[in-house]
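Below: the structure, in structure tokens.
The chains referred to below are lettered A, B, ... by the order of the sequence lines, with proteins before strands, and numbering in each begins at 1.
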Amino acid sequence: MPTRNILSKGGDWFGGEGPHHQIVVSSRVRLARNLSGKPFPGWAKKVERSAILDLIRPQVEGLPEMSEASSVSCQDLSALEKQVLVERHLISREHAAKGLGSAVVMNRRQTLSIMINEEDHLRMQALRSGLQLRAAFKAINKVDTELEEKLDFAFDSKLGYLTACPSNVGTGMRASAMLHVPALVLSDQINQVVQAVNKIGLAVRGLYGEGTEALGNLFQISNQTTLGEREEEILERLQKVILQVIEHEQNARKTLLQNRPNTLLDHIGRSYGILRHAYSMNSKEALNLLSLAKLGCDLGFYPDNQRRAVDELFMETQPAHLQKGSQKKLATEERDILRSDIIRKKLETFSAPDVDGVMRRGKEGSGAPADPDSAPGTRGQAPFSE
Amino acid sequence: MLCDVCKVETASVFLTQIVEGKMQKVNMCEACSKEKGVSDPTGFALADLLLGMGAAQPVERSAAEGNRCPKCGFTHSEFTKTGRLGCSVCYSTFSEGLEGMLKGMHKGMRHTGKCPERLQRSLALENEVRTLTQELRSAVEGERYEEAAALRDKIKTLESENLKAAGAGEK
């Protein structure tokens, strides 16, 4: 399948579905693998790297999961196309910097992506929407099992899978979930949560991983350690912590509604006004305002059928996605204008926040509002609906 | 110091060579050095040629700056710079320095997770071959030759299977 087709359309995992989808945007599990006795990509000479790619690539393309895949060499991707893939989390920022001797193979649904010659010979990942760490692991584990029949992976009985960086040795697994936690940020509890999560050996990062800013109230939680625990144990530990963070976020939302309704209404109302009426907007502002619109959907300020537009805008307003449709490279100001145009158009029919309805339902709920995430898979159930 | 070759005479010729980044030392008496052609500069290309493979022990194999991975040529100072290793063999080359680092990084020091199925199968095969070999020995001792012949054939089949399985990954 041509890469152009993959780039033209978003992935299935970003659909705003799955268990706990209101707070957990997506789940991701990646495995790092290397060929035994071959120099790691960072140390291999150009010729060696190309030879390794030629060895791995046909095996990856031959996977049953990749029957309708897009397989593309890094040097054949334009800077813009690479950035689109980064924004979709299909390749890492490091991989986007690669050229000759590196490639990426992605399935049509964009739920699987396999980077060849990133930091390790193979970085394979499965993506799912909502909190589906186990499902993501199951998918990528199957791919790994299929590949290890064909390729000789570097494995040590004591240290497990051997990776370029010692921080990945053992399982070579990094599992992460992207959480949308606006109420924890609005109520200044996020730092406490981040510290607590760090203390128990899990990492909290911004939107695009290591060293990136937390935009749009989006945070990634992932395992830090890879040696000494089984894959299932790591996933279990991560899952438990994520469920706790979800609970904290839900409590923070309830508290905001009950104790500081004006602060919350002000944020929701302003985001609505600016998103609908701005004529220039940078991506940071867009993400933060869209985050509040998303919170508005979760809390029942907007009808459920408006949720998808907001979810889609999260991706469509990212710098590379924005420019994908235009023929020439856009300057920053041009991008900001285009971004606000896209948002205004998409939210043209967006109804104003139903403040009265939310407040009334909140009172009727008599302090025991329904758990928005109690029914996995149901979309956009308001916390204060019957 | 005794001569490494005859182990009788006192060594008077000291040969030091750097091979693949590792220092090798050979000490010889005059007679042995002549016999091995050390006086001829073209005659001692490798210390291993003189004493047989592996006889010349590499010295200073610790975490010295000049330590190189025999497989990929990666050095310890390179690791200090990038924090990444050169190849899978580097894990044993630099194991001493890595151990403390891994301890600080991870929950444990031993992998308990997934193991490649092919490796599991070959380990199981090895175990089976070991058991069968023991049975074979006792069969021979007990002069049960028919049984021994059957066991020998079975071991042969298993071993060739194992070789085939190991070879599949090399292609």
Side-chain angles (χ1 to χ4, degrees), chain A residues 31 33-45 48 52 55 58-59 119-121 137 141 144-173 200-201 223-235 237, chain B residues 63 68-124 126-127 162-171:
Chain A
L31 299 176
R33 297 287 186 260
N34 287 283
L35 300 186
S36 172
K38 300 261 192 267
F40 296 142
W43 183 243
K45 295 180 183 71
E48 291 171 317
I52 290 164
L55 203 68
Q59 303 299 346
E119 180 182 297
D120 294 295
H121 293 145
F137 173 68
N141 189 44
D144 177 54
T145 304
E146 282 158 358
L147 280 178
E148 74 182 16
E149 288 294 319
K150 320 266 181 173
L151 298 165
D152 187 18
F153 287 156
F155 183 87
D156 178 84
S157 54
K158 185 168 173 271
L159 291 178
Y161 292 97
L162 303 174
T163 50
C165 183
S167 66
N168 291 317
V169 83
T171 59
M173 181 182 83
I200 47 177
N223 63 307
Q224 188 92 277
T225 59
T226 51
L227 182 62
E229 273 179 302
R230 286 187 302 118
E231 288 83 353
E232 291 78 7
E233 288 168 333
I234 295 172
L235 292 171
R237 202 155 56 86
Chain B
R68 254 173 210 284
C69 175
K71 183 82 190 173
C72 71
F74 192 79
T75 61
H76 194 271
S77 61
E78 200 74 35
F79 180 65
T80 324
K81 244 190 284 170
T82 62
R84 307 287 185 273
L85 290 163
C87 75
S88 49
V89 179
C90 286
Y91 276 92
S92 48
T93 311
F94 304 103
S95 62
E96 269 177 50
L98 276 172
E99 196 147 314
M101 184 186 218
L102 289 172
K103 232 176 229 165
M105 255 176 189
H106 294 289
K107 283 239 155 185
M109 286 298 286
R110 184 167 276 280
H111 176 64
T112 53
K114 186 177 184 179
C115 166
E117 269 175 43
R118 192 143 44 87
L119 197 73
Q120 279 177 335
R121 279 201 301 270
S122 97
L123 284 177
E126 267 172 40
N127 276 338
N162 201 7
L163 272 178
K164 241 187 278 164
E170 305 296 323
K171 277 174 220 148

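Using a 4.5 Å cut-off between heavy atoms, A:Thr163 touches chain B through backbone and side chain atoms alike. Looking at A:Leu35, the atoms closer than 4.5 Å to chain B (heavy atoms on both sides) all sit in the backbone: N, CA, C or O.
Note that SG of B:Cys90 and CZ of A:Phe40 are 7.0 Å apart. Values are rounded to the nearest 0.5 Å. Taken to the nearest 0.5 Å, the OG1 atom of B:Thr112 stands 13.0 Å off from the NZ atom of A:Lys158. Within the model, atoms CE of B:Met101 and OG of A:Ser167 stand 8.5 Å from one another, a figure rounded to the nearest 0.5 Å. Put simply, OG1 on A:Thr145 and CD on B:Glu117 are 5.5 Å apart, with the number rounded to the nearest 0.5 Å. To the nearest 0.5 angstrom, B:Cys72 atom SG is 12.5 Å from A:Lys38 atom NZ.
For B:Lys114, the salt bridge (Lys or Arg N to Asp or Glu O under 4.0 Å) partners two or more places apart in sequence, or in a different chain, are A:Asp144. Partners of A:Phe153 according to the ring-ring contact (aromatic ring centres under 6.0 Å, His included) rule, which considers only residues two or more places apart in sequence or in another chain, do not exist here.
For the set A:Pro41, A:Gly42, A:Ala44, A:Gly170, the count of heavy-atom pairs under 4.5 angstrom toward chain B peaks at A:Gly170. Each of A:Gly160, A:Gly201, A:Ala164 has some count of heavy-atom pairs under 4.5 Å with chain B, and the biggest count is that of A:Ala164. Of all the listed residues (A:Leu159, A:Asn34, A:Thr171), the one sharing the greatest number of non-hydrogen pairs under 4.5 Å with chain B is A:Leu159. In terms of heavy-atom pairs under 4.5 Å with chain B, the best-connected choice from A:Glu119, A:Met173, A:Glu48 is A:Glu119. Put simply, of A:Gly228, A:Pro166, A:Ser36, the one with the most heavy-atom pairs under 4.5 Å next to chain B is A:Pro166.
Residues A:Tyr161 and B:Cys115 come closest through the heavy atom pair OH-C, 3.9 Å. When all heavy atoms are compared, the tightest approach of B:Ser88 to A:Ala154 is CB-CB, 3.4 Å.
A side-chain donor-acceptor contact under 3.5 Å links B:Arg118 to the backbone of A:Leu151. Of the possible polar contacts, one joining the B:His106 side chain to the A:Thr226 backbone as a donor-acceptor pair under 3.5 Å is found.
Taking the side chain as every heavy atom from C-beta outward, A:Asp156 and B:His111 never approach each other to under 4.5 Å. Counting heavy atoms from C-beta on, the side chains of B:Tyr91 and A:Val169 come closer than 4.5 Å. Between B:Leu119 and A:Phe155, some side-chain heavy-atom pair lies under the 4.5 Å cut-off.
Ion pairing between A:Glu148 and B:Arg121 fails under the 4.0 Å rule for side-chain N and carboxylate O.
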